[in-house]
Amino acid sequence: MRAVVLLLLLVSAAEAQPVDAPQQAPTTPDPTPAVAAFQEGRTLLEAGKFADACAKFMVSIEADPEAPGTLLNLGLCNEMLGKIATALNWYRKAQFRAAETQMAEYESVAKQHAFSLAAKVPTLQIDAAPGANVILDGAPVTEHDRARIEVDAGTHVIELGRERRTITLNEGDKQTIDLRPPPPKQFVVIDRGVTQRRYAYVAAGTGVAFWAASATLTLVAKSKYDATDHPETYLHWQNVARFGGTSLFVVGSAAIATGVYLYVKAPRKERVEQVMPVVGTNQVGVAVAGSF
């Protein structure tokens with residue numbers, strides 16, 4: 001009897017023992033939107049769908065703006081699309097962010113890519129008046145940035161007021177666009193006949209002097225002629241007036257005629273535009289605009 005009771009007690013105790021439940025696999029939390037978009041971007045990038053990858057990385061960076069890995073991949077997908085300036089900008093951001101977070105590997109990769117692209121990126125210089133509202137591809141450009149603008153290869157539109165210019169840059173191109181208004185025209189007078197007219201004045205003045213000498217000599221001869229009764233004296237002063245006065249008059253007339261001719265034939269004064277300096281990337285000189 002005791003053996004039966006003992007057996008029942010053992011069975012009851014065995015039934016009362018809890019049965020081990022099957023072990024469940026540990027659950028993995030769902031990735032954040034930034035991580036999910038990043039993973040999709042990596043898949044697209046490896047598949048060669050660079051534009052779609054860039055779009056996913058942009059979604060990721062908007063959710064987590066400081067992620068060095070996403071910044072680095074944005075540089076990579078844009079580089080694959082040939083957008084050198086855009087890629088260079090993302091690589092630089094990745095490099096700085098990696099340096100801040102002490103992620104040496106990311107920093108090194110970003111630095112290498114940035115160094116490689118810096119020599120290839122097209123650059124644009126825009127010269128405009130201070131305070132001018134310059135628009136490049138729909139976005140304003142500050143005065144500080146106009147000296148060197150890194151742009152992607154391709155066609156770009158520059159606007160300033162009503163002026164609109166379209167330019168095309170290839171990899172490695174460097175171009176300067178001058179949007180400054182032309183300076184106000186300033187004119188100077190150039191007189192190429194000044195020396196000839198000076199000679200004309202001298203010749204005419206000499207001619208007048210000979211005329212005066214002729215008149216004086218004639219008057220003196222006439223006075224002497226009238227004051228004497230001696231036949232030889234008459235003849236002498238008559239010859240003085242006839243030959244001396246006449247010769248001086250002829251020489252004076254020739255001199256005046258020469259002066260008039262020189263004056264008439266002398267080049268006229270010209271009004272031409274002011275001489276302006278010309279300074280360019282490959283030239284230094286002067287330019288004169290006007291009529292010659």
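The structure presented is a predicted model; accordingly, all values stated were derived computationally and were not measured. Because only heavy atoms are used, hydrogens play no part in the values below, and waters and symmetry mates are left out as well, while side chains stay in.
Between the side chain of Ser60 and the main chain of Lys56, no donor-acceptor pair closer than 3.5 Å is present. When atom types are taken as modelled, the side chain of Thr206 and the backbone of Val202 share a donor-acceptor pair closer than 3.5 angstrom. Without hydrogens or angle criteria, Ser116 side chain to Gln112 main chain gives no donor-acceptor distance under 3.5 Å. Distance alone, capped at 3.5 Å, places no donor-acceptor pair between the Asp64 side chain and the Ala34 backbone.
Between Pro68 and Thr101 there is a side-chain heavy-atom pair separated by less than 4.5 Å. Side-chain contact between Glu40 and Thr43 is absent, with no heavy-atom pair separated by less than 4.5 Å. Using a 4.5 Å heavy-atom threshold, the side chains of Glu159 and Val157 count as touching. Using a 4.5 Å heavy-atom threshold, the side chains of Asn78 and Cys54 count as touching.
Ile256 and Leu262 are assigned to two separate hydrophobic clusters, defined by single-linkage of ILVMFWY side chains at heavy-atom distances under 4.5 Å. Taking hydrophobic clusters as Ile, Leu, Val, Met, Phe, Trp and Tyr residues chained together by side-chain heavy-atom distances below 4.5 Å, Tyr106 does not share a cluster with Val35. By the rule that hydrophobic residues join a cluster once side-chain heavy atoms approach within less than 4.5 Å of another member, Leu81 and Ile61 end up as members of one cluster. Leu117 and Phe50 fall within the same hydrophobic cluster, defined by Ile, Leu, Val, Met, Phe, Trp and Tyr side-chain heavy atoms under 4.5 Å apart, directly or through other members. Following chains of ILVMFWY side-chain contacts shorter than 4.5 Å, one cannot reach Leu74 starting from Leu44, and the two form parts of different hydrophobic clusters.
Applying the disulfide (SG to SG under 2.5 Å) test to every pair with at least one member in residues 89-130, sequence neighbours left out, gives no pairs at all.
Annotation: the span from Ile135 atom CD1 to Asn133 atom CG amounts to 4.0 Å, rounded to 0.5 Å. With rounding to the nearest 0.5 angstrom, the CG atom of Asp152 is 11.0 Å from the CD atom of Glu171. Going from atom CD of Gln95 over to atom CD of Glu107 covers 6.0 Å, rounded to the nearest 0.5 Å. Note that CZ of Arg148 is 5.0 Å distant from OG1 of Thr123, once rounded to the nearest 0.5 Å. Rounding to the nearest 0.5 angstrom, the gap separating the NZ atom in Lys120 from the CD1 atom in Ile84 is 6.5 Å. Put simply, SG on Cys77 and CE on Met58 are 9.5 Å apart, with the number rounded to the nearest 0.5 Å.
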request  = Check the pair Trp90, Asn73 against side chain to side chain contact (heavy atoms under 4.5 Å, CB included), reporting the backbone distance first and the verdict last.
outcome  = CA-CA 8 Å; Trp90 287 116; Asn73 278 275; over 6 Å; no
inquiry  = Could you walk me through whether Asn89 and Thr86 satisfy the side-chain hydrogen bond (donor to acceptor under 3.5 Å, both in side chains) test, starting with their C-alpha distance in whole Å, then the side-chain angles of each, then the deciding distance to 0.1 Å, before giving a yes or no?
reply    = CA-CA 5 Å; Asn89 181 53; Thr86 304; over 6 Å; no
ask   = Could you walk me through whether Tyr201 and Tyr263 pass the side chain to side chain contact (heavy atoms under 4.5 Å, CB included) check?
value = CA-CA 8 Å; Tyr201 298 146; Tyr263 184 87; 3.3 Å; yes
ask   = Going through the checks in order, is the side chain to side chain contact (heavy atoms under 4.5 Å, CB included) test met by Gln175 and Asp173?
value = CA-CA 6 Å; Gln175 189 165 342; Asp173 284 353; 5.8 Å; no
ask   = Run the salt bridge (charged side-chain N to carboxylate O under 4.0 Å, His left out) check on Arg42 and Glu46 step by step: do they pass?
value = CA-CA 6 Å; Arg42 284 298 308 176; Glu46 292 171 1; 3.6 Å; yes
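Contact between Arg165 and Asp178 at its shortest, heavy atoms only, is NH2-O, 3.0 Å. Between Ala129 and Arg146, the closest heavy-atom pair is O-NH1, 3.6 Å. Summarising the geometry of Ala87 relative to Gly75, their closest heavy-atom pair is CB-O, 3.3 Å, with the distance given to 0.1 Å. Taking every heavy atom of both residues into account, Thr168 and Thr155 meet most closely at OG1-OG1, 3.2 Å. For Gln196 against Pro267, the heavy-atom pair with the smallest separation is OE1-CD, 4.1 Å. When all heavy atoms of Ala114 and Leu88 are compared, the closest pair comes out as O-CD1, 3.3 Å.
For the pair Arg92 and Phe115, the cation does not sit on the ring face, since its NZ or CZ is not both under 6.0 Å from the ring centre and inside 45° of the axis.
Between His113 and Tyr91, the ring-plane angle classifies as parallel under the 30° and 60° cut-offs. Aromatic ring orientation, Phe38 versus Phe57: tilted (interplanar angle from 30° to 60°).
Residue Glu105 qualifies as open at atom CD: its count of foreign heavy atoms under 6.0 Å is 12 or below.
Remark: His156 engages no residue in a ring-ring contact (aromatic ring centres under 6.0 Å, His included) (not counting sequence neighbours).
Ile167 belongs to a hydrophobic cluster with Leu124, Ile126, Val134, Leu136, Val141, Ile149, Val151, Ile158, Leu160, Leu169, Ile177, Leu179, counting contacts under 4.5 Å between side-chain heavy atoms of Ile, Leu, Val, Met, Phe, Trp and Tyr, direct or through other members.
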